[in-house]
Amino acid sequence: MKVLHFYKTSFPDTIGGIEQVINQIARGANKWGVKTDVLSLTPHRVPRTIEINGYLAHRAKLDLQIASTGFSASAFLRFAQLAKQADIIHYHFPWPFMDVVHFATMIRKPVVATYHSDIIRQKHLLKIYRPLKLKFLGDMNRIVATSPNYLATSDVLAKFKHKVSIIPIGLDKATYPLPCSKKLTYWQNILGTKFFLFVGVIRYYKGLHILIEAAKGSNFPIVIVGAGPIETELKAQAAQLGLCNIKFLGQLSDEDKVTLLTLCYGVLFPSHLRSEAFGISLLEGAMYGKPMISSEIGTGTTFINIHNETGLVVPPSDPIALRQAMQYLWEHPEQAIEMGQRAEARYWEHFTADQMVRSYVDLYADLLKHDHHH
């Protein structure tokens, strides 16, 4: 069986959440005898095709970007060629250019789309895109949502409920480095062992301005790892409030990240908008057995973090509730440890890459069995 994945970016060029998911599915499906091609766009002069983790990554040249949607003239032909050889096409939604390619190349193969997120930000363009989006999703044989919570709260998914399957995003702990004792000692000397940790790209929807507000008048150390578009304004906000308990560490290596996940007391994930559809770095907190604090935005974050079981869930955009949650964990170390243990158990039960891959491989097999296009 051969599957073609299509998304605007992919490993090894960029390493966002969706790229990680595609990479995990492609490398994992290989073990089940599923061959995979991944097609993405890139602005860089790179080899057009490389082999990575047992699958082929193909790139078409990115010609222009409008409203964070990449367009590429050469992608039409590349896609058509690869689709011809594939048994199943696996799309990753949203990416409006993909819908155009799908209809322009008149694909007659079983098609599945993983629905990673509603489109939140581009309100005006969305009006123009809406009919195409509904036509595209209507054309899919199956749509995959990444959590039951997201399915329950997405107006778009509600329209296609009859063909939605839920497959949570999974991580493979074996692909993460083991922290060495030198790194552990190094970071422990700098940060101690009782600190809260945020890991992620520093974007508007991550809710870090709420976290900074919440840190006011508290003295527990908060460590922020990652870089991103609004980094400078957040640092300015922290400086303005005169906070000395927040440390911005910037971008760190995977080994450093894993070391901090191992050392930290709890993981903070204050995302306050539905743009945060799942929360892979929240799941990493669970994988490392840490109690979590996140907010209720109707998405996968509350599928990972169950209130009072694996951590605490607070209302979004509420710095006082966030501060109280941190205070509670800080003052109740026994509960914090137990929550962390339950978080890790929940990871092994629901969120391993193996489980995710097996669910997709089963779905592919099912699609081929009921394929009406042949």
Side-chain angles (χ1 to χ4, degrees), residues 2-27 29 35-107 109 111-122 125-126 128-130 132-133 135-137 139-140 143-144 146 169 201 203 227-229 251 275 277-278 280 360:
K2 196 165 197 182
V3 179
L4 168 61
H5 288 262
F6 191 32
Y7 186 61
K8 58 184 173 184
T9 45
S10 82
F11 255 53
D13 307 329
T14 54
I15 317 183
I18 296 177
E19 294 90 322
Q20 288 183 48
V21 172
I22 296 170
N23 180 50
Q24 296 274 16
I25 298 170
R27 68 191 291 170
K35 293 275 159 263
T36 304
D37 288 304
V38 177
L39 176 60
S40 64
L41 310 184
T42 178
H44 308 296
R45 293 189 61 93
V46 291
R48 282 171 45 139
T49 299
I50 57 164
E51 187 171 340
I52 174 174
N53 298 330
Y55 64 91
L56 293 176
H58 309 267
R59 283 87 132 220
K61 188 179 168 299
L62 172 71
D63 294 321
L64 81 160
Q65 260 318 61
I66 304 169
S68 73
T69 288
F71 291 86
S72 157
S74 62
F76 289 92
L77 187 59
R78 292 296 294 284
F79 179 79
Q81 288 165 340
L82 291 165
K84 246 194 211 80
Q85 305 159 16
D87 297 302
I88 287 173
I89 316 289
H90 190 158
Y91 294 113
H92 294 269
F93 181 95
W95 178 30
F97 175 68
M98 174 173 75
D99 310 23
V100 174
V101 172
H102 170 76
F103 288 113
T105 50
M106 300 190 343
I107 289 308
K109 297 274 169 114
V111 279
V112 55
T114 297
Y115 192 95
H116 290 279
S117 165
D118 294 329
I119 297 182
I120 311 288
R121 231 187 162 174
Q122 276 96 12
L125 289 164
L126 191 53
I128 306 166
Y129 169 52
R130 197 168 174 272
L132 176 61
K133 170 180 85 177
K135 190 170 146 67
F136 175 78
L137 292 169
D139 215 30
M140 294 300 108
I143 297 168
V144 175
T146 54
I169 290 172
V201 182
R203 297 188 199 282
Q251 199 94 42
S275 312
F278 190 78
I280 286 183
Y360 274 112

> Quick check: does any side chain N or O of Asn53 sit under 3.5 Å from a backbone N or O of Arg27, one acting as donor and the other as acceptor?
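Flag not set: sc Asn53 to bb Arg27 has no pair under 3.5 Å.
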> Work out which heavy atom in Ile89 is nearest to a heavy atom in Ala83; give both atom names and the distance.
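Closest approach of Ile89 to Ala83, heavy atoms only: CD1-CB, 3.7 Å.
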> Ile280 versus Gln20: any side-chain heavy-atom pair under 4.5 Å?
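Yes, at least one pair of side-chain atoms sits under 4.5 Å.
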> Evaluate Ile119 against Tyr129 for side chain to side chain contact (heavy atoms under 4.5 Å, CB included), listing each step before the verdict.
CA-CA 10 Å; Ile119 297 182; Tyr129 169 52; 3.5 Å; yes
> Please report the shortest heavy-atom distance between Ser74 and Asp63, naming the atom on each side.
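Distance-wise, the nearest heavy atoms are N-OD2, 4.3 Å.
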> Rounded to the nearest 0.5 Å, how far apart are CG of Leu39 and CD of Gln81?
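One gets 10.0 Å once the value is rounded to the nearest 0.5 Å.
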> Over 60° means perpendicular and under 30° means parallel, so classify the ring planes of Phe97 and Trp95, tilted if in between.
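Tilted: the ring planes of Trp95 and Phe97 meet at 30° to 60°.
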> How far does CZ of Phe11 sit from OG of Ser40, to the nearest 0.5 angstrom?
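Here the rounded value is 12.0 Å.
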> Report yes or no: does Lys35 contribute a side-chain atom to a donor-acceptor pair with the main-chain N or O of Tyr55 at less than 3.5 Å?
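Pair absent, no side-chain N/O of Lys35 close to backbone of Tyr55.
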> Run the salt-bridge test on Arg59 and Asp13 with the 4.0 Å N-O cut-off and return the result as yes or no.
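Yes, charged N to carboxylate O under 4.0 Å.
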> What's the spacing between Thr9 OG1 and Ile18 CD1 if we round to 0.5 Å?
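Thr9 atom OG1 to Ile18 atom CD1 measures 7.0 Å (nearest 0.5 Å).
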> Classify the ring geometry between Phe136 and His102 as parallel (under 30°), tilted (30 to 60°) or perpendicular (over 60°).
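Phe136 and His102: perpendicular rings.
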> Which distance, rounded to the nearest 0.5 Å, do you find between the CD1 of Ile143 and the CG of Leu137?
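Reported value, rounded in 0.5 Å steps: 4.5 Å.
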> First locate atom NE2 of His58, then atom OG1 of Thr42, and finally report the distance between them rounded to the nearest 0.5 Å.
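His58 atom NE2 to Thr42 atom OG1 measures 14.5 Å (nearest 0.5 Å).
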> Looking at Phe76 and Ala104, what are the two nearest heavy atoms and their distance?
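Heavy atoms of Phe76 and Ala104 come nearest at CE2-CB, 3.7 Å.
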> Are Phe103 and Leu132 close enough that some pair of their side-chain heavy atoms sits under 4.5 Å apart?
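Counting from C-beta outward, Phe103 and Leu132 do come under 4.5 Å.
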> Let me confirm one number: the CG-OG1 distance from Leu82 to Thr49, rounded to the nearest 0.5 Å.
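Reported value, rounded in 0.5 Å steps: 7.5 Å.
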> Is Asp118 close to Tyr115 at the side-chain level, that is, under 4.5 Å between some pair of heavy atoms?
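Counting from C-beta outward, Tyr115 and Asp118 do come under 4.5 Å.
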> Taking it one step at a time, do His5 and Tyr91 satisfy side chain to side chain contact (heavy atoms under 4.5 Å, CB included)?
CA-CA 6 Å; His5 288 262; Tyr91 294 113; over 6 Å; no
> Within the 4.5 Å heavy-atom criterion, are Asp37 and Val3 side-chain neighbours or not?
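They are not in side-chain contact.
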> Can you find a heavy atom in the side chain of Phe79 that is under 4.5 Å from one in the side chain of Ile107?
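Counting from C-beta outward, Phe79 and Ile107 do come under 4.5 Å.
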> Under 4.0 Å between a Lys/Arg side-chain N and an Asp/Glu carboxylate O for Lys133 and Asp99?
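Between Asp99 and Lys133 there is no salt bridge, as every charged N stays at least 4.0 Å from the carboxylate O atoms.
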> Looking at Pro43 and Leu62, what are the two nearest heavy atoms and their distance?
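In terms of heavy atoms, the two residues are closest at N-CB, 3.9 Å.
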> Identify the two heavy atoms, one from Val38 and one from Ser10, that lie closest to each other, and give their separation to 0.1 Å.
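Minimum heavy-atom separation between Val38 and Ser10: CG1-CB, 3.9 Å.
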> Contact between His90 and Thr114 at the side-chain level, heavy atoms closer than 4.5 Å - yes or no?
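In short, these two side chains touch, coming nearer than 4.5 Å.
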> I need the minimum non-hydrogen distance between Ala80 and Thr105, along with the two atoms involved.
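Residues Ala80 and Thr105, closest heavy atoms: CB-CG2, 4.0 Å.
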> Quick check: do His92 and Ile22 have side-chain heavy atoms less than 4.5 Å from each other?
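His92 reaches Ile22 side chain to side chain.
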> Under 4.5 Å between any side-chain heavy atoms of Arg45 and Lys61, yes or no?
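Answer no - side chains too far apart.
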